[in-house]
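First comes the structure, then the notes that go with it.
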Amino acid sequence: MRNITQKHVNPILKTGLFVVLLLSYWIGSAQDSDMDQFVNDLMSKMALQEKLGQINLSSGNVGAILAGGGGMSESIKNGEIGATGGFSFGAIKGSQDAAQESRLKIPLLIGLDVIHGHTTVFPIPLGLSCTWDTQLIEKSARIAATEASASGVCWTYSPMVDISRDPRWGRVSEGSGEDAWWGAQVAKAMIRGYQGDDLTKSNTIMACVKHFALYGAAEAGRDYNTVDMGHLTMFNHYLPPYKAAFDEGAGSAMSSFNVIDNVPATGNKWLMTEVLRNQWGFDGFVVTDYTAINEMSNHGLGDLKAVSALALKAGIDMDMQGDGFIGTLEESLNDGSVTMADIDRACKLVLEAKYKLGLFDNPYNYLDESRAAKEVLAPEHLAAAREIAAHSMVLLKNENQTLPLKKEGKIAIVGPLATTKADLLGAWVMVREESVISSVVEGIKNVGGETVEVVTAKGANITDDPYLKQGLVSPYAAYMGVKMEEETRTAQEMIDEALEVSSDADVIVAVLGESAAMTGEASSRADISIPESQRDLLKALLKTGKPVVLVLINGRPLIIQWESENVPAILEAWAPGSAGGNAIADVLFGDYNPAGKLTMTFPRSVGQIPVYYNALNTGRPFDAANKFTSKYLDLPNDPLYPFGYGLSYTTFSYSDISLNKTAAKGDDKLLATVTLTNTGDKAGEEVVQLYIGDPVASISRPVKELKNFKKVMLQPGEKKEVIFEVTTEDLKFYNSDLNYDWEAGEFNLFIGTSSADVKTSSFVWNK
């Protein structure tokens, strides 16, 4: 949209514009005033225990959660619970019914982990981010909100916007990768999708930005572990997605488990009050993660009474599942550890959230069985899931044009993930409807049609490693994903079967990777290679001499250097969701030409971690001719697949960069142009990426940082000029005083197909 400046606006239009702005401000102020009066009047009637109840979230134990809640109705009727969770329509309605029997009839917030879809499941968030398409990402969240809201849910514990540079951490599957700028764009899209333009509408849900903050930087990639980070790294590389989500209007936030400056985030007043409230102006409420208050005792900050008071004083407004607020704050109030103003602040913010959601007008606003019957798993939702899944996939290798497959001949589909359905959903799927899920085998049959003969064999267990296996067969594995089935056959018997069914196939599709239980929360892995049982199968298949296509189902970047060196074609499909099998087949057969790009680096070895594209330079950059430079003796420094990488079934060429000026000043705008050409024989999309480097500054700066991109569709032989506008906003960073500004000087500009394959130019920008 064209910027409107005073110079271009005539007096009549200026008057009209002023009236519109004034009217919008007046309406907003009136709404805020109405909410304040309502909430204040309600709080004047509330007893202390009712206020404490509002800041208490209770869903029972894990078993009760999985069963859909229950057993809490008396506590709800007594006003001792302000929020809960639920899966089934009946359980949620029962909870709201109980709330309407309480003295003040205050409705409940109903929260659920709607992470990448409700019943229609989309690719895991890491996969979603690889679409490089904010419209599709927003669409996935909009559909999730539509289905969840019809089923009784009005609040989602999403989006997770934690930046992570360590793929050992299981929860990278729930985030958007390693880049703060792109993570911010994804966060904003998710907020828009969930919350829409009016939270009182019955098809919107309130977002909860998590995990605030820095959870993705857990040491050793081990979940719940310590985070140790300087403030410059925080503000420049980890905090931007959180701030972007709050700026977009997210209604709530969730505290993280980790420490920040040696103080747990849940009790960290600098983070929760100074940064979140005072610097960023956040006016929603903050809920803890599950029992995070209680866990501060393990960090050495005192007993439950002490840490509950600490959390409240720090700026926490709701206790999830810990019973610390409801159980200890009255005593803390009596001894002066907290004040009534502290309790009132938290209670008011929770009540305001319920007001914004329209729950006081209609506590059953989000319970509509007739709408759920029409909208949950609607055909258009499943079609969108298929489209988005195909767009999320990244073609990592395609030697000798092994792909796309022909819709003829015999295809052997082999691997422990070839026929599975639930594993295609990934972790954090709370509502599963397997009847609509397409397995990879089913997808290839559906898309290939009658001219394709399909044979299949399991070929291997997900893993035969006893230590890893024990975590995949435990009762709690089903909570995050699915339990691994026990197999009575030996490993060799399964490989022999796979070789037999593949003996006369024209091509073998090996579907390997991770089960849903191997990623997500509490699913960190020290060895992130493909398990040995599956690699043995792959080696046997390659020895047949037949073309082999490796389809990866996984929730994190894997160590696949051997696979990359030996397998002719590799498709990264992530955990693609309900329509995953059909979407994989769409890509394998070329019905959709893959255009996904990695948003997280694939290392060559675990020993390289952390490895990420936007690193600082070292005082001794790598020099092959000089021993005393920064390098490994046994591996190259560069990753296997860099950030922004992804192939297509066609090819693209980039011209050199053309700048409209090489010297800019003040509020100038710089235009950077490349000509993109489709040099192949298929139509395809290319994600053209713009990076900027600041080689001379007051602090050491990354070699390059993503600042923009454009996704461009070209027909074979077609050329198109791709123009980027660069402003001083693209040059800003947090300096050593934590001031966000830009510094005059020389800058490097990069445009290309990945962070490692770019054209380069430079310019000077003065104040």
Side-chain angles (χ1 to χ4, degrees), residues 123 126-133 177 182 389-406 507 509-513 547-554 557-558 560-574 576 583-604 613 638-654 674 676-689 691 706 709-718 720 722 750-759:
L126 184 60
L128 283 174
S129 73
C130 291
T131 64
W132 293 67
D133 191 320
W182 177 231
H391 282 69
S392 74
M393 296 175 193
V394 183
L395 183 62
L396 298 178
K397 185 180 179 183
N398 193 24
E399 193 175 79
N400 301 322
Q401 294 184 315
T402 304
L403 293 173
L405 301 177
K406 296 180 176 63
V507 63
V509 176
V511 190
L512 310 178
V548 175
V549 176
L550 173 58
V551 175
L552 291 172
I553 307 296
N554 50 297
L558 297 174
I560 54 169
Q561 176 148 332
W562 184 91
E563 290 79 2
S564 182
E565 292 170 351
N566 291 279
V567 182
I570 304 175
L571 178 67
E572 174 55 82
W574 308 111
I584 288 170
D586 288 338
V587 174
L588 291 178
F589 285 115
D591 290 6
Y592 175 73
N593 187 352
K597 300 278 190 175
L598 296 179
T599 56
M600 195 168 184
T601 299
F602 273 52
R604 295 178 184 273
Y613 87 92
D638 60 299
L640 181 63
Y641 296 116
F643 178 90
Y645 173 87
L647 302 177
S648 168
Y649 293 151
T650 191
T651 54
F652 299 95
S653 69
Y654 286 72
V674 294
L676 181 71
T677 305
N678 184 339
T679 54
D681 59 2
K682 294 180 176 62
E685 297 166 291
E686 169 71 345
V687 178
V688 182
Q689 301 157 45
Y691 300 84
L706 180 70
F709 74 96
K710 293 191 177 181
K711 199 170 186 179
V712 182
M713 168 62 82
L714 293 178
Q715 298 300 314
E718 185 181 1
K720 187 174 288 186
V722 182
F750 313 88
I751 299 177
T753 187
S754 77
S755 61
D757 186 358
V758 292
K759 300 288 185 177

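FYI, the numbering just counts along the sequence from 1. Side chains are part of it too, since the values below use all heavy atoms of this structure and drop only hydrogens, waters and symmetry mates.
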Does the distance from a Lys or Arg side-chain N to an Asp or Glu carboxylate O, for E686 and K597, drop under 4.0 Å? yes
State whether the side chain of N398 and the backbone N or O of L403 hold a donor-acceptor pair below 3.5 Å, judged by distance alone. yes
Is the centre of the W182 ring less than 6.0 Å from the centre of the Y691 ring? no
Sequence-distant partners of E572, salt bridge (Lys or Arg N to Asp or Glu O under 4.0 Å), two or more places apart: none
Run the ring pair (Phe, Tyr, Trp, His ring centres under 6.0 Å) test against F602 and tell me which residues pass, sequence neighbours left out. none
Flag, side chain of Y641 to backbone of P557, donor-acceptor distance under 3.5 Å: no
Answer whether the closest heavy-atom distance between the side chains of Y654 and V722 falls below 4.5 Å. no
Close side-chain approach of P639 to Y645, heavy-atom, < 4.5 Å: no
Taking side chain as C-beta onward, heavy atoms only, is F652 less than 4.5 Å from T679? no
Any P123 side-chain heavy atom under 4.5 Å of W574 side chain: no
Under the side chain to side chain donor-acceptor pair (under 3.5 Å) test against S648, which residue among N593, T753, N678 passes? N593
For the CD atom on Q401, are there more than 12 heavy atoms of other groups (residues, nucleotides or ligands in this structure) within a distance under 6.0 Å? no
Where do V687 and A595 come nearest, in terms of heavy atoms and distance? CG2-O, 3.8 Å
